[in-house]
Enquirer: 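What follows is a structure written as structure tokens; I'll ask about it next.
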Protein chains: 2
Amino acid sequence: MTQQLDSDVHFNVLTETCPSRTSLARIANKWTAMVVIALGTGRMRFGDVHTTVQGISAKVLTGTLRDLERDGLVARYAYPEIPPRVEYELTPLGRTLHTPLRALGSWAEEHIPEVLAARETYDALR
Amino acid sequence: MTQQLDSDVHFNVLTETCPSRTSLARIANKWTAMVVIALGTGRMRFGDVHTTVQGISAKVLTGTLRDLERDGLVARYAYPEIPPRVEYELTPLGRTLHTPLRALGSWAEEHIPEVLAARETYDALR
DNA sequence: CAGTATCCTATATGATACTG
DNA sequence: CAGTATCATATAGGATACTG
């Protein structure tokens, strides 16, 4: 029994070589989180996601949705109509990600008073 | 009963004006997530966090820890010794954040095979 | 409508050197 | 050891105009 125990505790995700880290880098992102939270309510058109996730630009939204699609988290349905209609929805895998991301969003909403108070205290001192 | 129901579903965190969004922007970040996950194992010295969170630069680690401290998520203990010793640990509030962030890290580790497979499929087509 | 293309700026991050 | 300072670069993101 030594103090060395800590060195046995390691998370792959903290490791530079584990590919899970590239995944974490993508999902631990504010735009990703907001888009996945928005899509958690169901299948949506591009424009609706754009409206729901306030302040996101079309460029960033397009990129975020593409990345999510590439990682198998979002499915894209394009209808050959004029004007075009494109819908997005979480895949089953994406729904498993929605749970922790929604939890993160809820955390932010629930604890914002404490966070704001902490910031005031901190800023008052320095 | 109309189709308008969806407009009743809104998350503060998706709103440009709600301050909870500034909090989400900070916590939905790869370095924040990794540092909080690392600190989840207990109080650590700066150098140990630096080693545990592989690849983070001292500059980024310093900034991440300061932001977390400012938001009341991490406590900093500096000992006036030579050479200096500084320890960091999650506050009670920080521990409530650790749960969803650790869940996000676990998600990344558990689902990396599916994500990698999805990427291959996607990249093979375009 | 759902993007894309282009240009431009801001922020994040990296590398190196230095200090109490 | 635990940072800070500085410089340089990369990547993210914003604004605008345009198109199938």
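Chain letters run A, B, ... following the sequence lines, proteins first and then strands; every chain starts at 1. Excluded from the calculations below are hydrogen atoms, water molecules and symmetry mates; all remaining heavy atoms, backbone and side chain alike, are included.
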Enquirer: If Ile, Leu, Val, Met, Phe, Trp and Tyr residues are connected whenever their side-chain heavy atoms lie under 4.5 Å apart, and connections chain through other members, are Val53(A) and Val60(A) in the same group?
Expert: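 Same cluster: Val53(A) reaches Val60(A) through Ile, Leu, Val, Met, Phe, Trp or Tyr contacts under 4.5 Å.
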Enquirer: Let me confirm one number: the NE2-CZ distance from His50(B) to Arg45(B), rounded to the nearest 0.5 Å.
Expert: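 One gets 14.0 Å once the value is rounded to the nearest 0.5 Å.
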Enquirer: Are there over 12 heavy-atom neighbours, none belonging to Glu120(B), within less than 6.0 Å of that residue's CD?
Expert: no
Enquirer: Measure the distance from CG on Asp48(A) to C1' on dA2(C) and round it to the nearest whole Å.
Expert: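 For the pair Asp48(A) CG and dA2(C) C1', the rounded distance is 12 Å.
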Enquirer: Whole-Å distance between dA12(C) P and Met34(B) CE?
Expert: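 Computing the Met34(B):CE to dA12(C):P distance gives 15 Å.
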Enquirer: Can you check the Tyr77(B) OH to dG3(D) P distance for me, whole Å?
Expert: 15 Å
Enquirer: Can you name the ring-ring contact (aromatic ring centres under 6.0 Å, His included) partners of His111(A), sequence neighbours left out?
Expert: Trp107(A)
Enquirer: Map every base of DNA chain D to its dot-bracket character, where paired means a Watson-Crick or G-U wobble contact with both distances under 3.5 Å and | marks a partner outside the strand.
Expert: ||||||||||||||||||||
Enquirer: Answer yes or no: is there a donor N or O on one side and an acceptor on the other, between the side chain of Glu109(B) and the main chain of Val13(A), under 3.5 Å?
Expert: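 Confirmed, Glu109(B) side chain pairs with Val13(A) backbone.
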Enquirer: From OH of Tyr79(A) over to C1' of dA2(C), roughly how many Å is that when rounded to an integer?
Expert: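 After rounding, the gap between these two atoms is 14 Å.
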Enquirer: Starting at atom CZ of Phe46(B), determine the distance to atom C1' of dG20(C), rounded to an integer number of angstrom.
Expert: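 Nearest whole value for this atom pair: 15 Å.
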Enquirer: Looking at CE of Met44(B) and CD of Glu87(B), how far apart are the two atoms once the value is rounded to the nearest 0.5 Å?
Expert: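 Separation between the atoms: 10.5 Å.
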Enquirer: Output the rounded distance in Å from CZ (Arg85(B)) to P (dC1(D)).
Expert: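 Arg85(B) atom CZ is separated from dC1(D) atom P by 13 Å.
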Enquirer: For the atom pair OG1 (Thr52(B)) and CG (Leu61(B)), what is the distance rounded to the nearest 0.5 Å?
Expert: 10.0 Å
Enquirer: How many angstroms lie between atom CD1 of Ile56(B) and atom CD of Glu16(A), to the nearest 0.5 angstrom?
Expert: 10.5 Å
Enquirer: Restricting to nitrogen or oxygen on both sides, can you table the protein-nucleotides 8-13 of chain D pairs closer than 3.5 Å?
Expert:
| unit_1 | atom_1 | unit_2 | atom_2 | d |
| --- | --- | --- | --- | --- |
| dG13(D) | OP1 | Trp31(A) | NE1 | 3.3 |
| dG13(D) | N7 | Lys59(A) | NZ | 3.4 |
| dG13(D) | O6 | Lys59(A) | NZ | 3.0 |

Enquirer: When rounded to the nearest 0.5 angstrom, what is the spacing between CD in Glu69(A) and OH in Tyr88(A)?
Expert: 7.0 Å
Enquirer: Could you give the CG-to-P distance, from Asp67(B) to dA12(C), as a whole number of Å?
Expert: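 It works out to 9 Å between those atoms.
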Enquirer: Whole Å only: how far is the CZ atom of Arg66(B) from the P atom of dA5(D)?
Expert: 10 Å
Enquirer: I want to confirm an ordering. Mapping Gly55(A) and Pro83(B) to their closest nucleotides on DNA chain D, which one lands closer to the 5' end?
Expert: Pro83(B)
